[in-house]
Every structure is written in structure tokens, then in C-alpha cells.
Asker: 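Below are the C-alpha cells for one structure; questions will follow.
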Amino acid sequence: MPHDLPKTYDPGAIEVRWAEYWVREKLFHVKTPEPGSDAARQPVFTLLLPPPNVTGRLHMGHMLNQTEMDIIMRWRRMRGFLALWVPGTDHAGIATQMMVERQLAAEGISRQKLGREAFIKRVWDWREHYGGAILAQMKRLGASVDWDREYFTMDENLSRAVTEVFVRLHEQGLIYRGAYIVNWCPRCMTAISDLEVVHEEYPGKLYQIRYPVAGQSGKFITIATTRPETMLGDTAVAVNPKDPRYFDLHGKRVILPLLDREIPIILDELADPEFGSGAVKVTPSHDANDFQAGLRHNLPQINVMDDQGRINENGGPYAGLDRYEAREKILHDLEHRGLMAGIKDHVYAIGKCDRCKTIVEPRLSTQWFIKIQPLADRAIAAVEKQEIVFTPENYSKTYFEWMRNIHDWCISRQLWWGHRIPAWHCGKCGHITVARSAANACGKCGSDNITQDSDVLDTWFSSGLLPFTVFGWPEKTRDLDIFYPTSLLITGFDILFFWVARMIMLGCHFMAEHSEGSVPFREVYIHALVRDAERQKMSKTKGNVLDPIEVTEKYGTDAVRFTLASMASPGTDIAFNESRTEGYRAFANKIWNAARFMFMHLDRVGGANLTGGLPQEADTLEDRWILSRLNRIAGSVNRSLVEYRFDEAANTIYSFFWGEFCDWYLEIIKPRLSGSAEDARCALEFLAYIFEGALRLLSPFMPFITEEIWHAMHEGTPPLKSIALSRYPQGEEHWLNDQAEEEMSVLQELIVSVRNLRAELKVEPRVKTPIRVQADTRIQELAQENRSMLERLANVEGIEFTAQSLAHAPGSRTTTRFEVALVYERQVDKAAESERLKKDLAKLEGQLANAERQLGNDQFLTKAPPHVVEGLKKQVRELKILIEKNNMALGALK
RNA sequence: GGGCGGUUAGCUCAGCUGGUUAGAGCGCCUGCCUUACAAGCAGGAGGUCCACAGUUCGAGUCUGUGACCGCCCACCA
């Protein structure tokens with residue numbers, strides 16, 4: 001590996017090479033461990049990739065999600081876990097079907113014309129061509145998933161498992177079929193679940209319509225509705241039994257206008273006396289409440305719409321009209337007959353299809369449902385008992401809230417693309433046979449005149465099973481024993497109910513017997529939404545969508561990953577700001593140049609062992625210090641990652657690498673590196689040890705650049721195929737060195753003080769000046785021992801120690817540990833200096849007053865913990881000294 | 001109608017079980033092309049922690065109320 005690295009880091013040249021290498025070498029493939037093997041003894045960490053839709057393109061949300069997952073997986077792997085990350089894609093029923101229908105439409109064909117079988121073949125072709133986009137992008141981004149375990153939700157084995165689940169739930173009485181009000185999308189022509197309906201505030205109208213009372217000419221009852229067209233299906237008018245306005249109409253009937261159908265007035269709590277006139281039309285086939293009321297009162301159900309939202313033959317003169325055309329015509333006709341009592345503006349929530357935004361129609365329809373309560377009860381318990389822990393924990397509230405108000409789940413879809421329901425209808429006796437494999441005779445009458453149910457299952461039905469089906473369920477596999485339950489789920493809150501909740505319900509139900517517990521995962525980390533720099537939600541219509549691949553090509557994957565990680569603090573959305581990414585590109589460049597620096601000296605020295613481990617006992621202050629710092633922040637990074645504080649972890653490494661390792665350590669050791677070959681070799685080997693540790697620490701966050709430099713350090717003969725397979729620094733206690741850290745901090749403070757003085761006195765950069773220092777003997781010795789470091793980094797020539805206070809020397813600095821003054825002829829800018837001192841003084845005096853007030857308070861002295869009181873007393877002593885010295889300095893200026 | 005979250009420097013955000021002087025990055029100002037890095041180095045300015053009330057010896061942190069912003073859920077005709 002050549003060491004003549006380019007001056008500026010060019011991620012593009014490097015990343016593609018490593019991304020391909022990781023996949024080619026199958027570095028992250030996890031074989032099922034053989035019993036008794038080493039792997040079988042490793043602790044296991046399993047993560048399931050939330051399967052992207054085959055129709056999807058990678059967006060920033062994915063990239064955040066994948067970055068977090070990859071950091072955790074690389075970290076766990078490096079911590080010695082058998083870390084398995086399983087990727088796959090979801091067949092995405094409606095979305096994919098829409099995509100292919102659109103393609104067909106462009107060719108002038110409809111799916112109906114093509115026929116079911118041919119259409120499904122088209123979808124498979126489409127999926128072959130376009131379905132792998134996101135996973136390919138993931139490969140480019142270096143996700144450390146096991147590509148040999150990639151699945152697709154329509155794979156044969158997964159489909160078999162879906163059938164098995166359906167049959168078992170049916171046998172257990174948890175799946176039923178029936179005619180109920182469902183959300184119907186007239187464009188997709190299918191039922192959809194409650195979750196697939198998005199509610200939007202809609203400024204609509206409330207129409208008040210007079211229904212004539214039968215047999216009492218001139219008498220009307222006024223009802224109000226937002227959907228007048230549904231009146232065609234009215235089979236009653238309800239009034240509240242307690243509403244005195246209608247006592248005289250109890251038991252009477254009304255004439256449904258336009259159709260002239262006589263319908264009863266019923267007494268039902270459905271009618272709220274407070275709303276409108278207190279009377280409500282009842283349309284059991286087109287409203288969930290009315291449906292229930294209909295059952296209570298044995299009302300007929302008249303469905304007046306077809307599957308495309310057109311009025312059907314039950315709509316009399318309106319048959320064939322679209323629902324909104326019919327509305328207009330009905331309103332017109334009512335007006336014409338003088339039956340309109342009024343129209344009011346009325347804002348209400350309208351339901352739209354999540355996929356196509358068509359207004360959803362509540363409609364009576366025969367569908368398959370899951371009886372959800374028993375599953376939900378167990379799923380609630382799992383979280384209550386902390387068998388599953390949410391981070392941030394607040395999401396458990398949202399989860400409970402939804403779970404406790406859950407309705408039965410409509411799982412059938414009138415689509416062609418998906419898992420077909422394993423039920424066969426008998427043309428002779430009408431019995432429905434549910435079976436694991438294609439039935440050829442009715443289970444009741446034995447007739448062979450049977451046809452399979454034409455519906456398919458909700459996409460989320462199959463994805464809800466993934467935590468166990470990907471490991472081979474229903475077979476009793478070793479994979480299930482070893483990898484189930486998965487350890488963690490990282491996902492966005494937008495699919496908390498769609499997917500997370502369903503996995504919990506189904507996992508708990510079907511894996512009840514599993515020895516390691518039935519829950520599908522032990523932890524759920526919910527991440528935030530990625531917004532644009534203006535905090536707007538990214539959306540195609542707004543045109544503010546950032547393509548992760550484009551951003552990545554501009555700044556490098558590592559920089560984008562680091563941006564996302566450093567902003568991923570729990571609970572708040574991420575406003576993705578490219579200026580931040582620019583900063584992390586600079587960070588990558590910094591790392592790169594630190595490596596160049598190391599290699600440059602290596603070449604000069606003509607060889608050193610960069611990978612020989614810790615070369616010797618650290619024998620200089622800076623070595624003891626940086627070793628201590630590395631281990632201390634390693635401990636802290638590990639703790640942050642345990643809590644999914646990606647931001648903390650990233651920031652900790654960042655400030656260590658840049659602010660301590662580069663800014664101080666590398667600067668300090670420069671003379672050693674340019675000294676004798678032997679000194680340089682020793683310094684280099686120690687430097688390399690620290691550098692290599694920092695690279696390992698950083699590698700889950702920035703896998704590419706760390707891999708590149710790590711390999712370069714090993715000169716083409718690394719002990720392992722990848723830094724990703726090395727051990728993660730844990731922070732070893734015995735390398736922590738409080739004394740070295742304290743001593744370095746004194747030297748740093750001294751150096752910064754002098755630099756500060758120089759800047760203030762405007763000393764020419766090239767001019768070195770002597771300094772005087774007043775401090776205790778310990779600090780004097782420390783400064784003496786590290787004289788050359790001080791002189792060089794503070795641009796100083798000559799250090800004189802004095803016992804006298806330097807506070808009144810022109811251009812001096814006072815700290816609690818030392819006083820320092822520049823020996824320099826330049827006139828001090830008295831006005832500026834005096835202003836600065838006054839400002840300092842005011843602050844110090846404020847602090848002193850505050851501290852003394854507290855110390856004068858008996859309550860404080862008795863109630864505050866001793867260390868706080870002691871600390872405050874110490875502060876007062878120091879403040880007094882500083883104030884005195886500042887006053888002296890101020891006096892000296894006059 | 002229910003539920004949840006946010007408000008800290010010009011911008012984007014940290015701030016752990018209340019404890020001594022509230023931090024970072026970017027931006028801004030000043031000076032440096034110092035042979036790893038100008039995507040850099042050194043120094044600096046900048047905050048009534050949304051408001052009010054309360055608990056406490058002590059509140060950015062806990063409680064309550066309000067304001068503003070945002071999100072989720074919901075079968076009000």
C-alpha cells in the first residue's frame with residue numbers, strides 16, 4: 001500500500017472499492033453455528049432490516065435508519081457478538097400493483113384484459129428489473145448485512161409460512177369472514193385497513209334535508225348529512241328516545257325522498273339531540289355507526305355503490321352516476337322539490353386512501369378479519385412486563401394508546417399481487433374450506449366444484465411474521481433456536497402500528513413456545529424524521545427531497561453517516577443541513593491528513609512497526625495522557641451506544657480525534673518525530689498504537705476511511721480481512737491516568753493563556769517572547785520538565801519562574817493555578833485591557849456575591865451535601881484571590 | 001374530541017439522577033499560506049435557557065398554568 005496519499009481525501013475513489021470488497025468477501029455473512037463450535041458459544045445479536053418496498057427508492061429516512069443499524073451492528077460485531085443483520089424486501093401489494101398497472105396503462109392495456117395469471121407474471125418481471133434498487137444502494141453505502149440471507153416476502157418458503165399462519169389462526173377462531181363496513185378505495189377497488197386511511201381536515205358542507213312524515217302531509221323531519229348521496233341507502237331515521245321534540249313521531253314512518261321508500265323512525269342513542277336537528281338518517285351499508293344501529297333494529301342493508309364508487313342499481317334514477325355526480329343531482333332534485341332545509345359550512349375529517357389519496361368510502365363488504373383482542377392483550381402485556389423495551393420510552397405510551405383502542409383487522413384485499421387467501425368456496429353448498437395446500441374438494445359436501453378465494457392478504461400480514469419466518473418457521477430450525485428473538489428493531493414511528501405492533505402480536509402468539517421467549521425483539525429504537533434544512537418534511541410534491549446517493553457522492557458516505565449519527569438524538573427530528581455535512585467531510589479530511597502525517601514520518605524513518613501493539617510503557621507525559629484519554633473516551637462511547645445515543649458517541653469521538661489527538665498530541669510529538677531515527681521510531685510506534693485504536697473506535701461510524709487507513713497501516717498484510725472484524729476499544733481501566741490528565745490540563749491552560757496574551761498584545765506571529773510564571777513548585781517542576789513543549793506550542797523563548805505576583809504586570813493572565821505574564825516591550829492597549837479586566841471582575845464579583853449569599857444561608861449549610869458546600873467554599877477562596885489580582889492589575893493600568 | 005412532543009447563542013442542536021462558571025458544530029470578528037491538513041492553525045465576541053406562578057438551601061433541569069410551534073390517534077351525522 002503506497003503511502004503517497006493525496007493531500008485531500010477523495011472518498012469516491014475509495015468507497016466503491018471497499019463496498020464491493022465487503023460484499024465479495026462475505027464479511028458479514030453469519031453461518032448457522034455448528035453445535036459445539038466457537039461461534040455457537042458467542043453471544044448473539046440479531047437485527048431485521050425493516051424491508052423496504054420493492055417499489056421504493058432510497059430516501060434520507062432510510063439512510064438514517066441504515067446508518068443507525070449499521071453503527072450498532074458493526075459495534076456489536078466488534079464487541080464479540082455473532083452479529084446477524086438480515087436484509088430483504090417487501091412485495092408491497094397495493095404500491096407495486098399500482099406501479100405495474102400504470103406501466104400497463106401506458107401500453108394501453110388493463111390488468112383485467114391481461115388476466116390474473118399474466119398480470120402476476122408481469123409484476124414478477126417488474127420486480128426482477130426494478131425491485132432491487134434500495135438493496136443495491138445499501139450495498140454501495142456499506143451496510144454490514146448478511147447478503148446470503150436476503151429474502152423477499154413472496155418467496156416460496158415465506159409464502160408457505162403465511163398460509164400456515166392463516167390456517168392456524170382460522171382454526172383457532174381468530175380469523176373470520178363477514179360482511180361489515182370497511183374502508184373502500186374506489187380507485188384501488190379494494191378494502192383497506194383503518195391504518196391505511198389518512199384523515200385530513202376538509203372544509204365541506206352539512207346538508208339539511210327534509211324527510212316527509214308518512215301520512216301527515218306537510219309534516220317533515222329534518223336530518224343532516226355530509227354525504228347526501230348515501231340517502232339512497234337509508235333504511236331508517238333515528239331520533240334519540242329522550243328527545244322531547246320527537247315524542248309525537250315515535251312509531252311513525254317517513255318517506256325517503258327521491259326514491260319514495262317508506263322507512264321507519266327508530267329510537268336510538270345514535271341520534272345526538274345536541275347535533276343539528278337531533279334526527280339522523282340511518283344508512284347501514286355506508287356508515288359504521290349506522291351499520292351497528294341497523295343490527296340493533298334489524299334494518300335492511302341496502303348497498304348503493306359499486307366497487308368504483310358509482311351508484312348501483314339500488315340507486316333508482318341515479319344508477320350509473322359517480323358518487324359525486326349523484327350528490328349534485330340529488331341536491332338539485334331535493335332543491336327542486338323543496339326538501340332542502342339548509343346548507344351549512346362544515347369542517348370535518350375526510351378519509352383518504354394512504355396510497356392514492358382517493359376519498360375512501362365506508363361501504364358494506366364481505367371481508368376476512370382477524371379477531372384482534374386476544375392478540376392485543378398479550379402484546380400489551382409484553383411491553384408492560386418490559387419483555388420489549390422502547391427507546392425513547394415514551395413510545396410505549398403511544399403503543400398502549402393504540403393497542404388499547406384497537407379494532408379487528410381487515411386483512412383481505414381485492415388485489416392480485418400478494419399472498420392469495422388459502423380458502424376455497426364451494427359452488428354447491430357454499431361452504432368455505434380453508435386449507436394448507438390447494439383443496440380439490442369441498443371440506444363439507446365433497447363437491448369438486450370449488451374455487452379459490454380471489455382476495456390476497458394485506459401486505460403487513462406477511463411482514464408481521466418476518467421475525468420468525470425468516471428463520472425457517474414453521475420448521476423447527478436451528479436458526480430459530482439461535483436467532484429468535486431478534487435483539488433489536490430500529491425503525492421510524494410511522495410504521496409503529498403498521499408493522500411493529502403487528503410483529504409483536506403475531507410473534508407473541510406464534511412463538512409462545514420458544515425457549516428464549518416469544519417476543520419478536522427485545523428492544524425497539526424509534527428514530528426521528530429527517531427533514532430538510534428548513535425543518536420541512538421532505539416530499540416529492542414540495543421538491544425538497546434530498547437524494548442520499550447524491551449527497552453521498554458530494555461529501556462521501558462517511559461524512560453523511562456521521563452527520564446523521566451526530567444529529568440522531570432521541571425525540572427530535574433531524575433538520576438535515578448540508579453545512580453540517582461539509583463539517584464532517586472536513587473531519588474525514590482531518591483523519592486522512594493525520595494518516596498522511598504518520599506515513600510521511602514513517603517513510604522518513606525508513607520503517608517502524610505500526611501494528612505491533614503498545615510498544616512500551618508510556619514514558620512521556622503526552623503518551624500517558626493520550627493513552628488515558630483514548631481509553632476514557634472509549635468507555636464513554638460504549639456507554640453512549642448502549643443507550644443509542646449516537647449523537648453523544650459521534651461527538652465524543654469527533655472532539656477526541658480533532659481536539660485532543662490532532663490539535664495537541666500530534667503537535668506535541670512533532671519534535672520527537674523529527675529527531676533521531678530511534679526516537680522517531682519509538683514515537684511513531686506509540687502514535688500508531690493510539691491512531692489504530694482511534695480508527696477502530698471510529699470505524700462503525702466511518703467504515704470506509706477507517707478501513708482504508710487501517711489497511712494502509714498494515715501494509716497489505718492485515719491480520720484480519722477488515723477493521724470491521726477487529727475488536728472494539730472498550731476503555732481499559734488500567735490505562736486511565738488521572739494525574740497525567742490533570743498535568744496536561746495545566747500545561748494546556750498555560751499555553752492557551754500565553755497564546756491569548758500574544759493575540760491581545762498583537763505580538764507578531766514570528767516573534768518569540770519570554771514569559772514569567774508564578775505557580776507552586778509542583779507546577780513549576782511540571783513546566784520545567786515540559787519546557788520545550790511549552791515554548792514551542794506557546795511560541796515562547798525562555799521561562800522565568802518567580803515568587804512574586806504578576807497580577808499588576810502589563811499583559812498578564814491569572815488563573816487559579818498560576819499567573820503568567822509576557823515579557824514584551826509592546827505598549828499595552830490600556831483602554832482595551834482595562835475594559836477586559838472590568839468585565840472579568842464584574843463576572844467574578846457576581847459569582848462571589850452569589851456564593852457568599854449561599855454560604856451565609858444556614859439552610860444551605862445543613863441541607864446541601866458536604867461536597868457541594870466544600871466546593872463552594874473553595875470557589876470563594878479562589879474567587880477572592882482572582883478578584884484581588886484583577887484589582888491589582890486594574891490598578892497597575894492607571 | 002383524546003394523546004404525545006418541542007421552545008437553550010444568528011442557525012442546527014446537546015445539557016444524564018436539581019449542585020459551584022450553561023456546551024458543541026456551523027456562521028461571525030481578528031491574526032496566520034507555521035513542511036499532515038486553508039475542507040487548515042491560533043485567538044475572540046455572542047445566551048433575561050418562551051412567560052408567569054410554585055416546590056427547594058439551590059431550578060435550563062421538578063410541578064402547575066398560559067402562549068406559540070409540531071406530531072399522532074378518532075365512527076360525531
Side-chain angles (χ1 to χ4, degrees), chain A residues 5 7-9 181 194-195 199 206 223-227 238 270-272 274-276 279-283 287-292 346 348-349 351 362 392 394-395 397-398 401-402 405 407 493-494 496-497 529 533 535 555 559 566-567 569 571-577 579-580 582-601 643 645 647-648 651 654-655 659 662-663 666-667 670 674 752 755-760 762 764-766 795 843-844 846-847 850-851 854 857-865 867-876 879:
Chain A
L5 305 172
K7 195 167 169 178
T8 303
Y9 175 54
I181 297 287
D194 295 346
L195 279 178
H199 293 274
L206 187 65
I223 58 88
T225 178
T226 54
R227 293 187 296 150
L270 174 71
D272 172 7
E274 302 295 311
F275 190 93
V280 59
K281 66 196 264 312
V282 182
T283 323
D287 182 279
N289 285 324
D290 294 5
F291 175 76
Q292 293 301 332
H346 184 63
Y348 57 97
N394 226 72
Y395 280 104
K397 282 190 201 166
T398 312
E401 193 63 31
W402 186 73
N405 297 299
H407 298 290
F493 60 80
D494 49 330
L496 184 60
F497 307 137
L529 206 69
R535 319 210 97 258
Y555 299 101
S566 73
M567 300 197 70
S569 43
T572 42
D573 287 345
I574 293 178
F576 191 90
N577 201 324
S579 75
R580 191 109 175 203
E582 264 174 55
Y584 292 122
R585 177 183 59 181
F587 181 47
N589 194 48
K590 188 77 183 174
I591 299 163
W592 186 250
N593 276 289
R596 284 181 63 226
F597 175 78
M598 178 171 62
F599 292 134
M600 184 190 84
H601 284 286
E643 295 167 14
R645 290 302 305 263
D647 58 328
E648 265 182 21
N651 292 332
Y654 178 93
S655 59
C662 290
D663 287 350
L666 293 186
E667 291 303 324
K670 274 179 181 174
S674 329
V752 170
R755 284 172 177 169
N756 181 297
L757 282 172
R758 291 177 55 94
E760 228 149 73
K762 298 202 182 349
E764 288 83 352
R766 291 177 182 288
N795 220 355
K843 202 172 163 189
L844 292 169
Q847 284 169 29
N850 194 37
Q854 279 195 72
N857 184 332
D858 287 343
Q859 295 267 40
F860 173 72
L861 295 176
T862 49
K863 289 189 181 175
H867 76 273
V868 172
V869 177
E870 269 317 301
L872 206 59
K873 283 181 177 166
K874 185 176 168 219
Q875 194 203 350
V876 166
L879 281 171

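Every chain is numbered from 1 and lettered A, B, ... according to where its sequence line falls, protein lines coming before strand lines. Keep in mind that the numbers below use all heavy atoms, side chains included, and drop hydrogens, waters and symmetry copies.
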Asker: Please pick, from B:rC76, B:rG2, B:rC37, the nucleotide with the shortest atom-to-atom distance to any side-chain atom of A:D272.
Answerer: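 When the side chain of A:D272 is considered, B:rC76 is the closest of B:rC76, B:rG2, B:rC37.
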
Asker: Counting only Watson-Crick or G-U wobble pairs whose two distances fall under 3.5 Å, which nucleotide matches B:rG64?
Answerer: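 Because both required distances fall under 3.5 Å, B:rG64 counts as paired with B:rC52.
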
Asker: Whether the side chain of A:R585 engages the backbone of A:R580 through a donor-acceptor N/O pair (distance < 3.5 Å, no angle test) should be reported.
Answerer: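 No; judged by distance alone, with no hydrogens or angles, the pair does not exist.
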
Asker: What is the base-pairing partner of B:rU30, counting Watson-Crick and G-U wobble geometry with both distances under 3.5 Å?
Answerer: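 B:rU30 is paired, partner B:rA42.
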
Asker: Among B:rG40, B:rC75, B:rU20, which nucleotide has an atom closest to any side-chain atom of A:H199?
Answerer: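 Of all the options, the side chain of A:H199 is nearest to B:rC75.
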
Asker: Determine the contact category for A:N589: base if any of its heavy atoms lies under 4.0 Å from a base atom, sugar-phosphate if only primed atoms, P, OP1 or OP2 are that close, otherwise nothing.
Answerer: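 Base: the residue A:N589, judged by heavy atoms under 4.0 Å, touches a nucleobase.
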
Asker: Name the nucleic acid region contacted by A:T8, choosing base, sugar-phosphate or nothing; use a 4.0 angstrom heavy-atom cut-off, strictly under.
Answerer: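 Base contact - A:T8 has a heavy atom under 4.0 Å of at least one base atom.
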
Asker: Counting the atoms with a prime plus P, OP1 and OP2 as sugar-phosphate, which does A:N289 contact under 4.0 Å by heavy atoms, base, sugar-phosphate, or nothing?
Answerer: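 If one applies the 4.0 Å heavy-atom cut-off, A:N289 turns out to touch a base.
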
Asker: Name the pairing partner of B:rG1, where a pair is Watson-Crick or G-U wobble with both distances under 3.5 Å, or state none.
Answerer: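 Per the H-bond distance test, B:rC73.
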
Asker: What nucleic acid atoms does A:N857 come within less than 4.0 Å of, heavy atoms only: base, sugar-phosphate, or nothing?
Answerer: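 Counting heavy atoms under 4.0 Å across all strands, the contact made by A:N857 is with sugar-phosphate only.
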
Asker: Taking the side chain of A:F860 as its heavy atoms from C-beta onward, which of B:rG19, B:rG5, B:rC73 lies nearest to it?
Answerer: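 Between B:rG19, B:rG5, B:rC73, the one nearest the side chain of A:F860 would be B:rG19.
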
Asker: Select base, sugar-phosphate, or nothing to describe what A:L270 touches, counting heavy atoms under 4.0 Å on all strands.
Answerer: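 Since a base atom lies under 4.0 Å of A:L270, the category is base.
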
